[in-house]
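Here the structure comes first, spelled out in structure tokens, and everything after it is commentary.
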Protein chains: 2
Amino acid sequence: MSGSGGPTALMKEALNANAQAVLEAVRSSHNHPTALEIYEAVRKVRPRIGVASVYRILHSLAQQGLIRELGRSDEACRYDGHIERHDHAICTTCGALLDLPVDVRLSEEALRMAAQAAGIELHSHEVRLYGQCAACRQKAQAEREQARQIAPDPGAAEAE
Amino acid sequence: MSGSGGPTALMKEALNANAQAVLEAVRSSHNHPTALEIYEAVRKVRPRIGVASVYRILHSLAQQGLIRELGRSDEACRYDGHIERHDHAICTTCGALLDLPVDVRLSEEALRMAAQAAGIELHSHEVRLYGQCAACRQKAQAEREQARQIAPDPGAAEAE
DNA sequence: CCTAATAATGATAATCATTATCAATATGCT
DNA sequence: AGCATATTGATAATGATTATCATTATTAGG
């Protein structure tokens with residue numbers, strides 16, 4: 001327990017060479033690469049890296065907000081019997097997919113312009129809200145309280 | 001060639017017992033069930049049905065617009081280096097995922113209300129446009145022309 | 001510098017959703 | 001009935017992702 005203010009495992013901000021290579025690969029690609037495509041790209045720079053590390057790093061980067069993941073597939077495809085157009089809320093913690101009971105209205109004009117800009121023939125659209133659902137918020141809250149009882153304020157003396 | 005106006009394989013509108021059971025299962029579920037959950041539910045009514053049929057039927061129903069599928073996972077998860085909020089266009093034919101170069105503006109007010117209605121703590125949002133991308137439109141067009149040359153206007157005498 | 005403790009890594013196996021295959025069955029027609 | 005054709009479902013194959021675990025790198029202490 002040295003007094004050097006040693007960051008043991010909590011300070012993850014600094015990216016190592018592998019993580020930097022992955023981040024670079026994602027940033028320099030202008031389509032939306034899959035994990036395996038990123039793996040192939042990174043391989044050229046860091047030939048010894050394995051898929052597992054790429055996945056680990058991608059998750060870590062996404063969690064730090066340095067990249068974004070589109071279309072989680074750790075969940076299976078889901079089906080919806082409500083075919084009238086409607087929007088969704090997606091819990092970023094548990095992945096729950098909720099119907100929005102109210103429409104997020106947006107202008108036909110803006111939609112048309114956006115579709116034209118992308119070059120697609122617009123058939124439908126959807127608004128997705130991302131955030132933490134009520135259940136996950138409660139659970140996180142409970143865990144925070146419990147953690148406080150076990151290890152009360154580690155590093156409370158830090159500037160904050 | 002009987003003159004009974006016989007629908008050989010093109011008239012798929014009428015759903016058979018399996019398809020009806022699947023549709024019923026999707027409609028009666030108020031969460032967003034996965035294919036396997038639907039399979040389990042349908043099994044209770046039609047015990048001899050297999051997973052392959054459930055998947056086939058789900059795709060067919062979705063194609064007919066009777067149900068909707070959320071979060072295709074035939075494609076892998078994709079990553080995006082642009083972390084500033086932006087919207088996407090998704091090709092319903094080839095699954096391509098395109099960044100929208102323009103924002104589809106919508107009111108903060110409406111977003112907040114929708115998030116509250118769903119009970120989530122809003123972190124971010126995204127508009128998704130669904131349609132056919134330029135490449136797929138051209139390909140479909142070409143195929144249509146080719147089909148015309150092979151079988152010119154079958155049933156052109158129909159009322160239309 | 002050498003060694004022990006610990007964390008990070010990568011090869012490989014396991015898992016899970018989905019799709020393909022193909023023999024068996026059902027359906028329609030004469 | 002008897003044949004042609006379409007549908008079905010059991011099972012294997014595929015592909016993405018995750019878990020496991022031995023190996024390797026890193027650090028601290030002597």
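All figures in this text were calculated on a predicted structure; none of them were measured in a lab. Below, chains carry the letters A, B, ... as their sequence lines are ordered, and counting in each starts from 1.
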Where along [range] does a heavy atom come under 4.0 Å from DNA chain C, residue by residue in number order?
range: residues 20-31 of chain A; answer: none
range: residues 51-58 of chain A; answer: A/Ala52, A/Ser53, A/Arg56
range: residues 36-45 of chain B; answer: B/Leu36

Distance check needed: [N] [atom2] versus [X] [atom1], whole Å only.
X: A/Asn18; N: C/dT9; atom1: CG; atom2: P; answer: 6 Å
X: B/Leu15; N: D/dT8; atom1: CG; atom2: P; answer: 11 Å
X: B/Ile49; N: D/dG9; atom1: CD1; atom2: P; answer: 5 Å
X: B/Arg78; N: D/dG15; atom1: CZ; atom2: C1'; answer: 13 Å

Hey, which of A/Leu61, A/Val42, A/Leu58 is the one that makes side-chain contact (heavy atoms from CB on, under 4.5 Å) with A/Val26?
-> A/Leu58
Nearest heavy-atom neighbours spanning [X] and [Y]:
X: B/Ala35; Y: B/Val54; answer: O-CG1, 3.9 Å
X: A/Ala118; Y: B/Leu98; answer: O-CD1, 3.9 Å
X: A/Ala117; Y: B/Pro101; answer: CB-CG, 3.8 Å

Should the ring pair B/His88 and B/His86 be called parallel, tilted or perpendicular, given that the plane angle runs from 0 to 90° and is split at 30 and 60?
-> perpendicular
Which of parallel (below 30°), tilted (30 to 60°) and perpendicular (above 60°) describes A/His30 and B/His82?
-> tilted
Can you run down the salt bridge (charged side-chain N to carboxylate O under 4.0 Å, His left out) pairs that involve residues 39-56 of chain A, sequence neighbours left out, and say none if there aren't any?
-> A/Glu40-A/Arg43
Using the C1' atoms of five pairs at each end, what's the angle between the two axes of the helix from C/dC1-D/dG30 to C/dT30-D/dA1, to 10 degrees?
-> 10°
Check: A/Thr34 main-chain N/O paired with A/Glu37 side-chain donor or acceptor under 3.5 Å = yes
Quick one: does A/Gln20's side chain have a donor or acceptor within less than 3.5 Å of a partner on A/Leu15's backbone?
-> yes
Can you tell me if the side-chain N/O atoms of A/His59 get under 4.0 Å from OP1 or OP2 in D/dT17?
-> no
Could you check if a side-chain atom of A/Asp80 sits within less than 4.5 angstrom of a side-chain atom of A/Leu97, using non-hydrogen atoms only?
-> no
Is there a side-chain contact between A/Asn18 and A/Ile57, using heavy atoms and a 4.5 Å cut-off?
-> yes
Are B/Gln141 and B/Glu145 linked by a side-chain donor-acceptor pair shorter than 3.5 Å?
-> yes
Select from B/Asn16 and A/Ala35 the residue whose nearest nucleotide in DNA chain D is closer to the 5' end of that strand.
-> B/Asn16
Qualifying side chain to side chain donor-acceptor pair (under 3.5 Å) pairs, either residue in residues 100-119 of chain B, two or more places apart | B/Arg85-B/Asp103
